[in-house]
Amino acid sequence: MNRRTRITALTAALLITAGAAGSAAASGGDPASARPGGREAAALTGTAKLYRPAGDDITFSFDAHLAAKDNMDPRAATGTFRFSHYKDGEGGYAVAKVDCLTTGGKVAVVTGVVTETDVDGFRNKRVGISVHDDGKRDRLGYSWITEEVYEELPPCMSAAPFEKVQAGTGDFRVLPWHMDYPTE
């Protein structure tokens with residue numbers, strides 16, 4: 001093989017490899033996650049603002065993950081999520097440490113205990129949030145829909161995703177959970 005043929009073959013191989021990696025990234029994965037055992041069990045990531053015609057600034061951000069080794073234990077999930085609500089210079093925020101993550105298709109439910117906040121009612125309480133990752137029309141729900149933060153919300157629980165995400169802000173990504181059922 002002459003030098004020009006080898007360079008052309010190498011360039012073609014690199015383009016094919018780069019194209020495969022780009023396709024994996026575009027489909028929500030990466031080349032490492034395509035390998036057996038390389039995919040995490042479930043995940044919820046992204047940020048969005050809720051739609052409010054009155055001008056409220058309500059934002060939710062997620063970075064929640066369930067490792068492949070913990071596939072059968074959603075309470076082993078790790079990460080954090082953050083939410084805030086401000087209007088006319090008043091409001092507050094909270095950051096929670098994830099203690100459960102379940103996903104199914106494009107829907108996720110995450111719970112966590114609030115570790116940082118400027119709202120006394122949330123301090124050290126478990127809260128739950130649900131997300132429906134529907135492309136440009138994401139939705140979200142939260143356990144304090146009645147404005148009450150429950151004293152003992154169970155892990156993995158929240159309200160259905162009833163809120164609309166503001167157009168152009170939803171970039172939630174839900175990695176569906178694949179349960180590994182024991183065989184007999």
Side-chain angles (χ1 to χ4, degrees), residues 27-30 33 38-52 56-86 91-166 169-181:
S27 66
D30 64 344
S33 69
R39 179 189 186 275
E40 61 188 336
L44 169 60
T45 59
T47 299
K49 291 184 178 216
L50 295 187
Y51 172 72
R52 283 293 193 275
D56 299 51
D57 181 2
I58 305 171
T59 305
F60 287 82
S61 295
F62 302 93
D63 186 20
H65 304 271
L66 182 62
K69 69 179 181 61
D70 296 318
N71 188 52
M72 296 303 287
D73 184 8
R75 294 196 59 192
T78 61
T80 59
F81 57 91
R82 176 184 179 94
F83 53 96
S84 62
H85 184 167
Y86 294 99
Y93 78 96
V95 178
K97 181 178 182 230
V98 172
D99 67 3
C100 186
L101 172 66
T102 59
T103 64
K106 295 288 189 175
V107 176
V109 174
V110 63
T111 55
V113 175
V114 174
T115 58
E116 180 183 332
T117 185
D118 58 359
V119 179
D120 288 336
F122 282 115
R123 193 171 316 283
N124 299 316
K125 299 285 175 48
R126 178 178 289 115
V127 293
I129 303 173
S130 64
V131 168
H132 183 204
D133 173 14
D134 193 23
K136 295 181 180 182
R137 300 181 187 268
D138 291 347
R139 297 181 75 83
L140 187 139
Y142 39 87
S143 60
W144 60 96
I145 182 174
T146 61
E147 297 184 14
E148 179 180 349
V149 180
Y150 297 100
E151 198 64 36
E152 293 297 323
L153 180 74
C156 310
M157 303 297 276
S158 186
F162 56 90
E163 292 268 15
K164 293 179 183 177
V165 169
Q166 183 175 317
T169 71
D171 70 350
F172 296 138
R173 293 192 58 108
V174 174
L175 178 64
W177 189 23
H178 295 287
M179 296 282 295
D180 290 332
Y181 295 103

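We number each residue from 1, following the sequence as shown. Because the structure is predicted, anything quoted here is derived from the model rather than measured.
Of all the heavy atoms in S130 and A160, the pair that sits closest is OG-C, 3.3 Å. Residue A67 comes nearest to A41 through the heavy atom pair O-CB, 3.6 Å, listed as atom of the first residue, atom of the second, then distance. Contact between G92 and V119 at its shortest, heavy atoms only, is CA-CG2, 3.8 Å. In terms of heavy atoms, T111 sits closest to P154 at CG2-O, 4.2 Å.
With sequence neighbours excluded, the residues that form a side-chain contact (heavy atoms from CB on, under 4.5 Å) with T103 are A42, L101, A108, V174, W177. Partners of R123 by salt bridge (Lys or Arg N to Asp or Glu O under 4.0 Å), not counting sequence neighbours, listed by chain and number: D120. In terms of the ring-ring contact (aromatic ring centres under 6.0 Å, His included) criterion, residue partners of F83 (sequence neighbours excluded) are, by chain and number, F60, F122, W144. With sequence neighbours excluded, the residues satisfying ring-ring contact (aromatic ring centres under 6.0 Å, His included) with F162 are Y142. Residues that satisfy the side-chain contact (heavy atoms from CB on, under 4.5 Å) test with T169, not counting sequence neighbours, are A48, K49, V165, Q166. Residues passing the salt bridge (Lys or Arg N to Asp or Glu O under 4.0 Å) test with R126, sequence neighbours excluded: D99.
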Quiz item: So H85 and D57, side chain to side chain donor-acceptor pair (under 3.5 Å) or not? Walk me through it.
Solution: CA-CA 6 Å; H85 184 167; D57 181 2; over 6 Å; no

Exercise. Please assess E163 against R52 for the test salt bridge (Lys or Arg N to Asp or Glu O under 4.0 Å), listing each intermediate value before the final yes or no.
Key: CA-CA 10 Å; E163 292 268 15; R52 283 293 193 275; 2.8 Å; yes

Quiz item: What's the verdict on side-chain contact (heavy atoms from CB on, under 4.5 Å) for L140 and F172, showing C-alpha distance, side-chain angles and the deciding distance?
Solution: CA-CA 10 Å; L140 187 139; F172 296 138; 3.7 Å; yes

Quiz item: Step by step, would you call V114 with N124 a side-chain contact (heavy atoms from CB on, under 4.5 Å)?
Solution: CA-CA 5 Å; V114 174; N124 299 316; over 6 Å; no

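In this structure, K164 and L50 have side chains that are not in contact, with every pair of non-hydrogen atoms separated by 4.5 Å or more. Put simply, the side chain of L44 reaches to within 4.5 Å of the side chain of V131, judged on heavy atoms.
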